[in-house]
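Source: prediction; values computed, not measured. Position 1 is the first residue of the sequence; numbering continues from there. For the numbers below, each heavy atom of this structure counts, side chains included, while hydrogens, waters and symmetry mates do not.
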Amino acid sequence: MPETSEGRQSEDWGPESSDAGLKGPAAIDPKALTVALIKAAAWVAVPFVVLIGYLLLHRAGAVPRIKEIAYERTLILNLGLYWLGATFALASWLHRRKLLRFLGSIKAQIALLAFSTLLSFAFAEVALRLLRPHTAAQPFERLASETLHHKNAPNRRSLGMGGQWVETNSDGFRSPYEREEFLKLTHRVVLLGDSFTFGLGVAEEESVGAVLEVELQKHLREIGSEDSVGVLNTGVISYSPLLVRQAFRRVVHEYRPTVVLMLVDANDIGDDHQYARENESGDPEDPRFDVPPMQESSPGLCDRSAICRSLGPLWDRLGKPKQVLLNLLGKHRDAYDYYAFEVEVDGVKERNRFFILRHPLTKTLPFFERSWSYIEDVSRDVQEVGADFVLVVMPRYFHWDDSECPENWEKDRYGVDEPFEDAFLEFFDQKIAAGRPGIPIWSLLEPFREAGGGPEVSLVFDHDPHWNSAGHRVAGEALAAELVSSGWPTNPASAGLGPVSSKRSFPSTSEGKPEESP
């Protein structure tokens, strides 16, 4: 006898309602619903299992390497494509099985969409955090400063531009030393400079400062000395002699160095020109800067999300309309544009900071002399705190071998065959020839010429002119050799240190703590 409509069981969901006015099942079978959700989870989980398996094999060296940035982008794109495909397949299967009727077709698909989306993001977040921990790390940040123009964020462990960890002390220096710890050392060597000194693109232990410290410690052991020595890296990306002077007067002098090495680079001349223009105080001895944030902030909800970090460029683009609106309302300032530059040289309007490579030294000499005046100020300041001062001239890769850095991202700003690319070195050669006016000048050109040569033994990155780990080692070892040959540490001027000189009253932050960013 055929079943009546009241007794008939619906497929998967239990008895239908006897009320003809109602559509769909009257009750949901929890078991069937659980099975459907497990199937949805399985659909979404499969690619993550495959990806995690691949990366574990990669970590074990069993499969070829994929560049991290390519992997991250590929992962996100594949997740999105797979999620769409899985959602469509599941929705089609459930519809065919008439399993969407329990909530109505539209509501069920929305529920499925939300569930699979959340599950996909959860899997992606966990996978990225486990296999690429740096993707969830806070990126390295520079803060705008009224007196220092910009500075490294203090007390921060963050991800550097090259994917390396960057740890800063309470003054924002990329160094394991705090002031009190550094002051306990017998010999306190301080490095001043920009991104080369900072160690852009390399790990802290590979930077020039770390290599120099190891070499100096080795020398002390060889001569049987029980003295201690440390190297403080005070490098800040995009610094130049003007800002180095500011940093020494306001912060660095409180570390009471015994030896100070100031590293100068070919773009420092242009940097000094621009920073001097941005001085709003009108006082060249104590400039003040009103600069916008040094970089755009990430969306607040995504600050610690590995997925959002991986999609950073996309968030930046999506946020542009909001930035434009805030600009119109006067409530937003675009990030500081380092490449906004303009100077006129011999009737030519230059718009990038490497203009010194395209004009003879006779035309650019006033700009060099201005930077030299800042260097002289730093030298006097250093000597007044009882320390030795040395100026270190850093060549660019094209000065020793222009075949290195074949994919230089800055190649649209300067070439490897600029007509006056040696003007930078020529200026300091002239200072040396003039009798070294109270400032020892060391050039790293010869050590780099001897060690470098072609892409096979490149001392810089393929895509960036900054030193790679090999370049930092050459620089650190060369500086150590120069210090030792100059009499360090037996030279009386650097063997010990008395109290900080009172000849100059250095402006200082309150109680030695870093100033707040404006």
Below 6.0 angstrom between ring centroids: does that apply to [X] and [Y]?
X	Y	result
Phe367	His273	yes
His472	Trp467	yes
His150	Phe289	no
Tyr255	Tyr177	no
Phe198	Tyr239	no

Side-chain donor-acceptor contact under 3.5 Å, [X] with [Y]:
X	Y	result
Asp272	Ser240	yes
His466	Ser195	yes
Tyr414	Asn352	no
Asp271	Tyr338	yes
Ser373	Glu369	no
His399	Glu421	no

Between the side chains of [Y] and [X], is the shortest nitrogen-to-carboxylate-oxygen separation below 4.0 Å, so that they form an ion pair?
X	Y	result
Lys184	Glu180	no
Glu167	Arg156	no
Arg288	Asp286	yes
Lys151	Glu141	no
Asp381	Arg249	yes
Lys218	Glu215	yes
Glu342	Arg353	no

Review point. Closest approach of Ser207 and Gly199, non-hydrogen atoms and distance?
Key: CB-CA, 4.4 Å
Check your understanding: Taking Ser379 for the side chain and Ile375 for the main chain, is one N or O donor matched with an acceptor at less than 3.5 Å?
Key -> no
Review point. Distance-only, no hydrogens or angles: does the Thr168 side chain make a donor-acceptor pair with backbone N or O of Asn155 under 3.5 Å?
Key: yes
Practice item. Begin with the C-alpha distance, continue with both residues' side-chain angles, and end with the deciding distance and a verdict on side-chain hydrogen bond (donor to acceptor under 3.5 Å, both in side chains) for Glu178 and Ser170. Key: CA-CA 7 Å; Glu178 291 291 345; Ser170 58; 2.6 Å; yes
**Study point:** Face-on cation placement of Arg413 at Tyr339 ring, 6.0 Å and 45° thresholds
**Key:** yes
Review point. Would a 4.5 Å heavy-atom cut-off, applied to side chains only, mark Asn233 and Phe173 as touching?
Key: no
Review point. Under the side-chain hydrogen bond (donor to acceptor under 3.5 Å, both in side chains) criterion, do Asp283 and Ser281 qualify, and how do the steps go?
Key: CA-CA 5 Å; Asp283 182 358; Ser281 70; 5.5 Å; no
